[in-house]
Amino acid sequence: MLDIKRIRQETEDVKARVAKRGDDASVIDEIINLDEKRRELIQQTEALKSKRNKASEEIAQKKRNKENADDAIQAMRDVGEEISAIDQQLNETEAAFKDKMSRVANLIHDDVPVGKDDTENVEVRKTGTPREFDFDVKAHWDILDDLEMADFERAARVSGARFVFLTGEGARLERALMNFMLDVHGKNGYREMMTPQIVKSEAMFGTGQLPKFEEDLFKIDGEAMYTIPTSEVTLTNFHREETLSGDALPKKFTAQTACFRSEAGSAGRDTRGLIRLHQFNKVEMVRIEHPDHSWGALEEMTEHAENILNLLEIPHRTVLLCTGDIGFGSAKTYDVEVWLPSYNDYKEISSISNMTDFQARRANIKFKQDKDAKPKFVHTLNGSGLAVGRTMAAIIENYQNEDGTVTVPEVLVPYLGGTKVLKKL
RNA sequence: GGAUAGAUGGCCGAGUGGCUUAAGGCGCAUGCUUGGAAAGCCUGUAAACGGUUCGCCCGUUUCGAGGGUUCGAAUCCCUCUCUAUCCGCCA
C-alpha cells in the first residue's frame, strides 16, 4: 500500500513510477478523485456529528434538570438521518478507495533498470565457472530416477502433475539441505521459526498476495484460508498489528516451510523435474528493519543467499531485476540464479526484495524509535535462502559423475551422516 | 463438534442509556522535596482520520469486529471472531 499523502503531494512522480513498471498510471488519478470525495464527505459528516454531540449534551443537561427536551430531540432526528446517509456514501467511497489503493504496486527504487521482461535484468555478480563435462550430462530428473531418489509418476497418481515423492537418498538430501541452510542462517543471526502453513486472508493481504493474486494461491474450500506460497507470509505477518520498540530492530527470521503455488498460467514451462512444482520446500529469510537501514540490509541478505551456494560450491550469478520483472510489493529485487547444466543456463533459486513500507502499511507493523517518538512504519525484506528443491536439482546436475553417481558437496557430508557419494541403493 | 465464562487504555480493573471529555490503581515521564536516594506530593501519560491562521490548536472516530434500536450506546438487541475452562474427538 502506498502512502496517500505521498500520492497527493508528489502525484506526478508517483504516476511516473507506476508507468515505469508498465502499469496504467490513470489509477492514480482515480485514487486522487476518490480521496477528494472522501475527505469532503468526512468534513460534512464530522460537522454534523459535532453538532449532534453538542445537542446531546444539552439534552442531557435538560433531562437532569427535569426540563422538557422534546423540541431539541425532534430537531436532532433529521440530523441523525442525514448523518447516516452521508456515512453510507462515505463507506462506499472509502471501500472503492481502499480497493484501488490495495491494487497499486510498490514504487520502484531509482536503481531499478527499465526493461520489459526478465531478458533485461542486469547482471551484478558472477561467481564460479560452470564445469566442463567430458561426458554427456544428464538432467536432474533422469539422475533422480536412475538413483531412485524421486518418484514423479507415483506422485502424479496420488496428487497430480507437479508433485513429487522424494525417496530414500532424495528425501535424505532434501532434509540435509534444509538443516544446513537453517544452520548457516542461524549463525548469521536469523532466529529460527516453525510457522503455520495455512493462513487467514488478512495475512495474505498483509504481504500483498491478496487481493490481486488470488489465482496463484490454493484456497481451503469453504474457508477464508489459504496455503502459503512462501513463509514470507507468516514470518512478515508475525508482528502484524504491532508497534515494536526501536531498539528491537532489526528482527531477523528464518524458517523452512512447504510452499504451495497453483502455477496458474505456467502450463508447459519446466514440466519436468524439481524446478516448478505445486508444493516445494523453501528456507526463507525475513527482516523487519528501520527505514534508514533497509537498503544496506537488502545487500546483506543477498550475500547471505549467495553464501549458501558459495559453501556448496555451485556456480551462480546475481541479477538486479528490471521494472518489467520485479514483483508487486517490491521496490528493488535481486535474483540469485544457479547454473543448471541441463538448461545450459542460470535459473532463479532465490529472490531477495526490499518491500520498504509497502507491506508494513498493509499489515500495520510500526516501530517507535524511543518512548515519546511517533510510531512509524517499518521496512520489511524477504529472500529465499534458498529454494530447497532447486538447490537439490543444482547439486545433482553440477556434481554428477560419469558412472551415474553424484558426489556430495563437502559441507553437506556431515549432514548426510558421512555419505560422500549418492548412488542407487 | 457441545457447554459455560469472558474480551474496556502500556498493564490491572470499575462502569446495565445522558452527571464517563472511560473512575481508581500500577507502570512510565517531568517537576517539587533531598547532600543523594527512597517515600510522599504536583502535573502529564493512546492511536487513526480530517481541518489548520500549521500552535504544545480544533473536530471526528476508536471500550474484540460488523450490523441494528435511539435525539444520544462501553452500556440494550442481532450476527460473527477470538480467548479461557470443561466434555467429546484426535497426533
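Everything quoted here is computed from the prediction, not taken from an experiment. Chain letters run A, B, ... following the sequence lines, proteins first, then strands; residues in each count from 1.
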For a quick test of your reading: what N or O donor-acceptor pairs under 3.5 Å do the side chains of residues 302-314 of chain A make, sequence neighbours left out?
residue	atom	partner	partner atom	Å
T302(A)	OG1	L298(A)	O	2.7
H304(A)	ND1	Y190(A)	OH	2.8
E306(A)	OE1	R125(A)	NE	3.2
E306(A)	OE2	R125(A)	NE	3.2
E306(A)	OE2	R125(A)	NH2	2.8
E306(A)	OE2	T318(A)	OG1	2.6
N310(A)	OD1	H316(A)	NE2	2.9

Kindly list each side-chain donor-acceptor pair under 3.5 angstrom involving residues 255-262 of chain A, sequence neighbours excluded, with atom names and distances?
residue	atom	partner	partner atom	Å
R261(A)	NE	P229(A)	O	3.0
R261(A)	NH2	P229(A)	O	2.9
S262(A)	OG	E215(A)	O	2.6
S262(A)	OG	D216(A)	O	3.4
S262(A)	OG	A264(A)	N	3.4

Extract all donor-acceptor atom pairs below 3.5 Å that involve side chains of residues 415-425 of chain A and protein atoms in other chains or at least two apart in sequence.
residue	atom	partner	partner atom	Å
Y415(A)	OH	D183(A)	OD2	2.6
T419(A)	OG1	R172(A)	NH2	2.9
T419(A)	OG1	L416(A)	O	3.0

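E153(A) pairs by the side-chain contact (heavy atoms from CB on, under 4.5 Å) definition with D151(A), not counting sequence neighbours. With sequence neighbours left out, the side-chain contact (heavy atoms from CB on, under 4.5 Å) criterion links P375(A) to T243(A), K366(A), K368(A). The side-chain contact (heavy atoms from CB on, under 4.5 Å) check on E92(A) picks up Q88(A), with sequence neighbours excluded. In terms of the side-chain contact (heavy atoms from CB on, under 4.5 Å) criterion, residue partners of A155(A) (sequence neighbours excluded) are, by chain and number, F163(A), F165(A).
Put simply, K366(A) has a side-chain N or O that comes within less than 4.0 Å of OP1 or OP2 on A48(B).
The same atom, P, is picked in G6(B) and in G64(B); the two are 14 Å apart, to the nearest Å. Atom C1' of C12(B) sits at a distance of 27 Å from the matching atom of G31(B), rounded to the whole Å. One C1' atom belongs to G15(B), the other to U20(B), and the distance between them is 8 Å to the nearest Å. Straight-line distance between the P atoms of A46(B) and A22(B): roughly 12 Å, to the nearest whole Å. Spacing between G59(B) and A38(B) at atom C1', rounded to whole Å, works out to 45 Å. Spacing of C1' atoms, C19(B) relative to G1(B), comes out at 48 Å, to the nearest Å. As rounded to the nearest Å, G88(B) and A3(B) have P atoms that lie 16 Å from one another. Atom name P, nucleotides U81(B) and U30(B): the rounded distance is 46 Å, in whole Å.
Here the P atom of nucleotide A47(B) and the CG atom of N364(A) are 13 Å apart, to the nearest Å. The distance between atom CD of E241(A) and atom P of U81(B), rounded to the nearest whole Å, is 18 Å. Computed from coordinates, the E202(A) CD to C82(B) P distance equals 10 Å when rounded to whole Å. As rounded to whole Å, 15 Å separates atom C1' of G68(B) from atom CD of E81(A). Protein atom CD of E58(A) is 15 Å distant from nucleotide atom P of G72(B), rounded to whole Å. Computed from coordinates, the D3(A) CG to A48(B) C1' distance equals 13 Å when rounded to whole Å. Across the protein-nucleic acid pair, R77(A) atom CZ and U69(B) atom C1' stand 13 Å apart, rounded to whole Å. If you measure from atom CG of D87(A) to atom P of G68(B), you get 10 Å, rounded to the nearest angstrom.
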With Watson-Crick and G-U wobble geometry limited to distances under 3.5 Å, how should the secondary structure of RNA chain B be encoded in dot-bracket form, using | for bases paired to another strand and [ ] for crossing pairs? ((((((((.[[[..)..(.....]]](((.((.......)).)))((((((.....)))))).[[[[[..)....]]]]])))))))....

Spell out protein contact along nucleotides 49-65 of chain B as letters: B when the base is contacted, S when just the sugar-phosphate is, - when no protein heavy atom is under 4.0 Å; keep the 5' to 3' order. SSS-------BBS----

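Between N91(A) and M76(A), the one whose closest nucleotide on RNA chain B sits nearer the 5' end is N91(A).
Side chain to side chain, T356(A) and N354(A) fail the donor-acceptor criterion of an N or O pair below 3.5 Å.
Heavy atoms only, all atoms of each residue included: V18(A) and D24(A) are closest at CG1-O, 4.0 Å.
Within a 6.0 Å radius of CD in E202(A), more than 12 heavy atoms belonging to other residues, nucleotides or ligands are found.
Among residue pairs with one or both ends in residues 367-398 of chain A, those qualifying as ring-ring contact (aromatic ring centres under 6.0 Å, His included) are H290(A)-F367(A); sequence neighbours excluded. Applying the salt bridge (Lys or Arg N to Asp or Glu O under 4.0 Å) test to every pair with at least one member in residues 32-41 of chain A, sequence neighbours left out, gives these pairs: R8(A)-D35(A), D35(A)-R38(A), D35(A)-R39(A), R38(A)-E94(A).
For the side chain to side chain contact (heavy atoms under 4.5 Å, CB included) with V283(A), the lone residue among T254(A), T391(A), L177(A) that qualifies is T254(A).
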Report, one pair per line, the protein and nucleotides 18-23 of chain B atoms (nitrogen or oxygen only) whose separation is under 3.5 Å.
residue	atom	partner	partner atom	Å
G18(B)	O2'	R64(A)	NH2	3.4

